[in-house]
Amino acid sequence: MPRLNREESQARTRNLLIEAARNEIVKKGFALASVRDIADAAGFSQGAFYSNFPDKEAILLELVQRHQSEERAKIEAALSHAQGDVAKAMAGIEKWASTINSDPGFAVLATELQLQALRSPSFAQGYNDLNRKHRRALGTLVTRLFELFGKKVPGDPVEIATGFIALVRGMALVSKDGDTNRSGRIVVTFLKALVGSAPSGT
């Protein structure tokens, strides 16, 4: 295995710490998942943790940002790969939706995020800023999707995006009874209904 340079080594360390933090927070909750626990789980010292993150809240915000960026990238890819083909676009959206809430730790992590935002004003500020940016970006993708169908967005795209985010988060807390695709099917059902009832864009 080739030797990593300084930047690659730091990126690897950050990634391992972030993944360890996610696992520890899901397993123990934010309050009980200590910096020592996270560092130990990642195979590093506490010094390595503090060399990359000032505190647990910072690593939690990094988790949020990465998750949101990954979700937007998947939707963007579905729309871009369709190249104007409505059927391909919807197929791509359905494929993405099938992965929503498939991670059993997502519901726990989403709950921990909300609770920490209520408890900590400093965390809430960063968390809310990320959510606002995420909703705006998703609103742009919502507009693109409706335009692809030749429809007008029936309202503020950001508000529509916010509604779907709330639906996904709510579904994460509902027992799946072993059905990992249920959330995705419900999201797609609501999306198709919204597109179908929207006025023509011409």
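Count residues from 1 along the sequence.
Remark: Leu167 CG to Ile100 CD1 distance equals 8.0 Å, nearest 0.5 Å. Here Leu109 contributes atom CG and Gln114 contributes atom CD; the two are 10.5 Å apart, rounded to the nearest 0.5 Å. Remark: Asp85 CG to Leu148 CG distance equals 8.0 Å, nearest 0.5 Å. From Ile75, atom CD1 reaches atom CG of Leu138 across 5.5 Å, with rounding to the nearest 0.5 Å. Note that CD of Glu159 is 5.0 Å distant from OG1 of Thr162, once rounded to the nearest 0.5 Å.
Contact of the Gln116 side chain with the Lys56 side chain is not registered, since no non-hydrogen atoms from C-beta on lie closer than 4.5 Å. Put simply, the side chain of Asn52 does not reach to within 4.5 Å of the side chain of Ile59, judged on heavy atoms. A 4.5 Å side-chain heavy-atom check between Met90 and Phe149 finds at least one atom pair inside the cut-off. No side-chain heavy atom of Ser51 sits less than 4.5 Å from a side-chain heavy atom of Thr13. Within the 4.5 Å cutoff, side-chain heavy atoms of Asn23 are placed close to those of Glu19. Residues Ile165 and Asn131 form no side-chain contact, since every pair of their non-hydrogen atoms from C-beta on lies 4.5 Å or further apart. The side-chain heavy atoms of Phe44 and Phe49, taken from C-beta on, include no pair separated by under 4.5 Å. The side-chain heavy atoms of Lys192 and Glu94, taken from C-beta on, include a pair separated by under 4.5 Å.
Side-chain polar atoms of Glu57 and Tyr127 form no donor-acceptor pair below 3.5 angstrom.
The backbone N or O of Ala198 lies less than 3.5 Å from a partner atom in the side chain of Lys151, making a donor-acceptor pair. A donor-acceptor distance shorter than 3.5 angstrom exists from the side chain of Ser197 to the backbone of Leu194, with no hydrogens or angles considered. With hydrogens and angles disregarded, a donor-acceptor distance shorter than 3.5 Å links the side chain of Asp37 to the backbone of Ser34.
Open room surrounds CD on Gln125; 12 or fewer heavy atoms of other groups in view lie less than 6.0 Å from it. By the 6.0 Å contact criterion, NZ on Lys95 is open, its count of non-hydrogen atoms from other residues, nucleotides or ligands being 12 or less. Around the NZ atom of Lys88, the shell of radius 6.0 Å holds no more than 12 heavy atoms that belong to other residues, nucleotides or ligands.
Tracing side-chain contacts under 4.5 Å through hydrophobic residues (I, L, V, M, F, W, Y), one reaches Val168 starting from Ile186; they form part of the same cluster. No continuous path of hydrophobic side-chain contacts links Val158 to Ile160 [ILVMFWY only; heavy atoms under 4.5 Å]. Under a hydrophobic-cluster definition in which Ile, Leu, Val, Met, Phe, Trp and Tyr are linked whenever side-chain heavy atoms come within less than 4.5 Å, directly or via other members, Leu130 and Leu115 are assigned to different clusters. Two different hydrophobic clusters hold Leu113 and Phe106 under the rule that ILVMFWY side chains link at heavy-atom gaps under 4.5 Å. One hydrophobic cluster, built from ILVMFWY side chains closer than 4.5 Å, holds both Met171 and Ile93.
Across all their heavy atoms, Ala42 and Leu16 have their closest contact at CB-O, 3.6 Å. The two residues Ala20 and Ala41 make their nearest non-hydrogen contact at CB-CB, 4.0 Å. Among all heavy-atom pairs drawn from Leu79 and Leu141, the shortest one is CD1-O, 3.8 Å. Between Ala78 and Gly92, the shortest heavy-atom contact is CB-C, 3.6 Å. Taking all atoms of both residues into account, the shortest heavy-atom contact from Lys28 to Ala33 is CB-N, 4.2 Å. Pairing each heavy atom of Leu17 with each of Ala39, the nearest pair is CD2-CA, 4.2 Å.
With respect to the salt-bridge test (charged N to carboxylate O, under 4.0 angstrom), the residues Glu24 and Lys27 qualify. Note on Glu62 versus Arg66: salt bridge recorded, some NZ/NE/NH1/NH2 to OD/OE distance being below 4.0 Å. Taking 4.0 Å as the cut-off between side-chain N and carboxylate O, Lys74 and Glu71 count as a salt-bridged pair.
Seen from the ring of Phe146, Lys152 does not count as a face-on cation partner, given the 6.0 Å and 45° thresholds.
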